[in-house]
Amino acid sequence: MDKAIEGFRLAVQLQPALVDAHRMLAMALIQTGNAEEALPSARRTANLAPKDPHAAILLAVALQGGGQFEKALAAAERAIKLAPQLSEAHFQAANALGALGRHEAAAKAYSRTLELDPLAVEALANRSVALVRAGHPDAALADCERLLQLQPWSPVHPVNKGFILLERGEVAAARAAAEQAVKLAPDFVDGYHLLGECCFQLGDLPGARDAYDRVVALAPLRADFRLRYAFILRRLAAFAAALEQSAAVLEAMPADPAALFERGMAREGLGDAEGALEDLDALLAAEPPFTEALLARARLLTHLADRVDARAAIDKALHLDAHNPHALAARASEALERGAWAEGWAALDAAAQAPRARLALRNVGIWDGAGSPRALVVAAGESLSDTLALVRLLPILADRGIEPRLLLSDPAAAALFANLDPRVVILTDPAQIDPAEEGVLGVALTSLPNLIAPDPALWPQVPYMHAAPERLSAWSHARSAGDLVIGIHWQSEDAGRVDPLRSAPLEAFAPLAAIEGVRLVGLQQGPAADEMDHVSFRGRILRLESDFDADGTFLDSAALLHHLDLLVSVDAPIAHLAAAMNRPVLLAASGGAHFAFAGSDVESRFYPSVRVVRQEQPGHWGGVFTAIAAGVEMGKAENHEHK
């Protein structure tokens with residue numbers, strides 16, 4: 001091609017008026033991706049042959065390649081006037097219209113192309129895209145099906161179909177299309193991209209990870225793919241691998257804001273709060289502030305005990321987006337830590353947008369705290385910690401003659417909350433709400449403190465959570481005579497996400513394992529439980545079977561907690577469960593604790609059976625567990641003297 005271009009250049013120099021020399025030079029340059037360089041020859045061709053529609057089409061193609069879409073459209077329309085039956089002229093007009101964002105008109109122009117040439121596969125493929133963008137997904141899917149019939153060997157068509165289905169929310173069907181594409185072409189990167197997105201939306205994070213691992217292997221220079229892969233790895237708590245992906249992007253693009261954010265979040269996951277803050281500060285210095293980065297910065301500053309700057313970051317986030325639920329939740333946590341109940345509960349109430357949306361889907365009116373509805377559907381959010389902390393308020397409603405109906409976000413937790421109070425009805429699906437039932441309103445669970453009980457000192461007493469009676473005997477064997485039986489939990493995970501700053505390595509519990517007569521029971525579930533196989537004191541931990549809690553959230557845990565002398569845990573939902581059962585808890589807390597454990601006091605302001613041991617140096621757990629072990633030793637000695 002280079003030699004051909006060289007020959008055509010020589011031809012136009014020798015005979016500047018030779019139309020075919022300019023035409024061939026422009027076409028060769030366009031084919032080699034040099035559309036802007038082709039433009040002078042394409043324009044010269046059109047000037048030398050003003051009545052030739054193909055010359056006008058060539059000019060349209062060159063102009064599009066140079067980003068001059070309005071001029072390209074004018075050239076294509078000139079070709080249509082010269083030859084109304086020429087399908088390529090309509091095709092190029094459609095391409096220009098699509099590039100200009102005029103998708104409805106583009107779809108019509110592609111339709112005209114197909115009327116003139118029913119087998120114009122590229123026009124059919126482009127029309128499907130234009131129809132999607134114009135808001136006609138059903139018509140776009142029909143085009144995809146036709147393309148699959150015309151070219152059943154092509155992986156492009158199932159991928160295009162899959163992305164349309166994904167946008168429509170038909171994720172399982174989209175995944176099937178992705179699997180069809182990668183079966184047709186095992187090295188087709190777009191197929192794995194679609195598969196990764198489908199797996200992610202279906203909650204199959206390992207599947208999404210595997211798909212994006214293939215995507216990055218096939219397209220290592222695509223920064224957007226690497227960063228999406230890093231995000232999925234973070235969701236799987238694979239922070240070192242996420243750091244590797246974001247660092248690879250930053251090596252090529254040192255100031256890329258998305259890569260700085262991803263690397264910062266990976267560093268946070270690895271416990272490097274200072275490094276994470278450094279990345280976020282670099283990002284915010286170069287880019288206009290955005291809410292997610294400001295909230296991440298506030299979280300890190302809170303962990304590092306810089307609460308003044310953390311509050312300023314939250315203020316900036318709320319200034320950018322006053323109704324952002326994550327920013328409002330951050331404001332609530334910050335205010336509640338200070339004991340500013342009115343401010344904190346109001347912010348937590350305002351943040352409860354997702355639970356209210358679930359109620360709105362069933363046309364349930366939202367209760368504002370006034371009057372006494374006959375029944376109140378109380379919608380819990382995704383945070384199990386919040387749910388366990390706040391369900392103690394439901395008996396207040398029952399005492400007022402209002403039937404409380406707790407709508408859970410996780411149906412697997414229904415059996416756990418069944419023993420809360422016989423007056424509380426447990427719902428697991430919004431479809432259980434009859435919108436025609438009279439006297440029924442709804443409210444978010446996290447709105448209740450603001451509406452009915454702003455002072456935690458007046459909340460119902462513990463215990464208010466109880467183990468299922470039929471489970472208690474099943475776990476009595478966890479005790480052994482003469483031992484001090486202590487449950488341990490080291491990873492903070494809530495609403496499906498690991499909180500690395502609140503989590504501790506299992507090895508940090510070593511001082512506890514070294515106490516003579518102590519028997520440890522590992523209550524951790526999921527991938528983090530594998531740490532029990534590698535720690536230095538693995539022989540001192542009783543590891544539970546894989547089916548523990550398998551038939552319901554914390555069903556076995558609640559029964560086991562009843563038989564333990566103590567729970568030593570990081571800030572995690574199981575600590576709330578033990579506290580709500582009035583079981584003794586020593587809580588290992590980092591800087592940014594849940595509101596029930598926040599503040600500077602040793603005692604929790606919400607749970608009388610909890611004693612909080614806080615990090616003296618941010619990010620360092622050694623002193624925390626040394627102090628916990630000393631407290632256990634002292635309590636053990638005092639108990640022995642008492643006996």
Side-chain angles (χ1 to χ4, degrees), residues 302-307 310 332-341 344 385-386 388-390 392 449 455-465 484-490 492 494 499 501-504 508-515 518 520 523 561 564-639 641-642:
T302 300
H303 175 70
L304 294 169
D306 188 349
R307 286 170 171 74
S333 295
E334 184 275 330
L336 293 173
E337 182 177 2
R338 291 186 281 114
W341 306 127
S385 291
D386 285 351
L388 285 164
L390 298 176
R392 71 196 293 181
D455 185 356
L458 302 178
W459 287 12
Q461 297 298 305
V462 296
Y464 55 90
M465 293 294 296
L484 184 66
V485 187
I486 299 177
I488 56 173
H489 188 91
W490 52 95
S492 178
D494 199 2
D499 188 334
L501 296 180
R502 294 182 184 180
S503 301
F509 286 72
L512 202 61
I515 301 173
V518 163
L520 300 181
L523 295 174
L561 285 168
L564 300 180
D565 294 302
L566 175 67
L567 173 68
V568 176
S569 174
V570 296
D571 184 351
I574 196 166
H576 290 269
L577 174 61
M581 294 173 61
N582 204 28
R583 304 300 300 158
V585 178
L586 283 176
L587 190 101
S590 61
H594 186 272
F595 68 75
F597 307 125
S600 57
D601 297 337
V602 173
E603 291 82 14
S604 164
R605 291 172 287 187
F606 293 82
Y607 301 123
S609 68
V610 174
R611 296 295 178 270
V612 184
V613 183
R614 306 183 191 280
Q615 290 179 350
E616 292 185 1
Q617 186 177 354
H620 293 266
W621 291 104
V624 171
F625 287 96
T626 299
I628 285 174
V632 171
E633 286 267 32
M634 184 179 298
K636 188 167 172 283
E638 289 175 354
N639 187 52
E641 289 177 7
H642 177 71

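The first residue in the sequence is number 1, and the count goes up from there. We use all heavy atoms of the structure for the numbers below, so side chains are in, but hydrogens, waters and symmetry mates are not. As the structure is a computational prediction, the values presented were derived from the model and not from experiment.
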If you take all heavy atoms of [X] and [Y], which pair is closest and at what distance?
X	Y	result
L336	R605	O-NH2, 3.3 Å
A504	F625	CB-CE1, 4.0 Å
V585	A575	CG2-O, 4.3 Å
A508	P511	O-CD, 3.2 Å
W621	S503	NE1-O, 3.2 Å
A629	I515	O-CD1, 3.5 Å

Side chain to side chain contact (heavy atoms under 4.5 Å, CB included), that's the test. Do N582 and Q461 meet it? Break it down for me.
CA-CA 9 Å; N582 204 28; Q461 297 298 305; over 6 Å; no
Full working for side chain to side chain contact (heavy atoms under 4.5 Å, CB included) between M465 and L577:
CA-CA 7 Å; M465 293 294 296; L577 174 61; 4.3 Å; yes
Backbone N or O of [Y] within a donor-acceptor pair of the [X] side chain at under 3.5 Å?
X	Y	answer
T302	A310	no
R614	A589	no
R502	V570	no
D601	E603	no

What distance separates [X] [atom1] from [Y] [atom2], expressed to the nearest 0.5 Å?
X	Y	atom1	atom2	value
L512	I486	CG	CD1	4.5 Å
D571	F595	CG	CZ	10.5 Å
R611	L587	CZ	CG	12.0 Å
R583	L567	CZ	CG	10.0 Å
L523	I574	CG	CD1	4.5 Å
F597	E337	CZ	CD	13.5 Å

Determine, stepwise, if the pair H594 / F606 fulfils side chain to side chain contact (heavy atoms under 4.5 Å, CB included).
CA-CA 11 Å; H594 186 272; F606 293 82; over 6 Å; no
Under the side chain to side chain contact (heavy atoms under 4.5 Å, CB included) test against L586, which residue among V632, V612, V624 passes?
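Checked V632, V612, V624 against L586; only one passes side chain to side chain contact (heavy atoms under 4.5 Å, CB included): V632.
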Which of parallel (below 30°), tilted (30 to 60°) and perpendicular (above 60°) describes W490 and F509?
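Plane angle over 60°, so perpendicular.
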For W459 and L390, what are the C-alpha separation, side-chain angles and deciding distance, and is it a side chain to side chain contact (heavy atoms under 4.5 Å, CB included)?
CA-CA 10 Å; W459 287 12; L390 298 176; 3.6 Å; yes
Who pairs with Q617 by side-chain hydrogen bond (donor to acceptor under 3.5 Å, both in side chains), at least two apart in sequence or on another chain?
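So Q617 forms a side-chain hydrogen bond (donor to acceptor under 3.5 Å, both in side chains) with H620.
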Can you confirm whether the side chains of H576 and D386 place a donor and an acceptor under 3.5 Å from each other?
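No, D386 and H576 have no side-chain donor paired with an acceptor closer than 3.5 Å.
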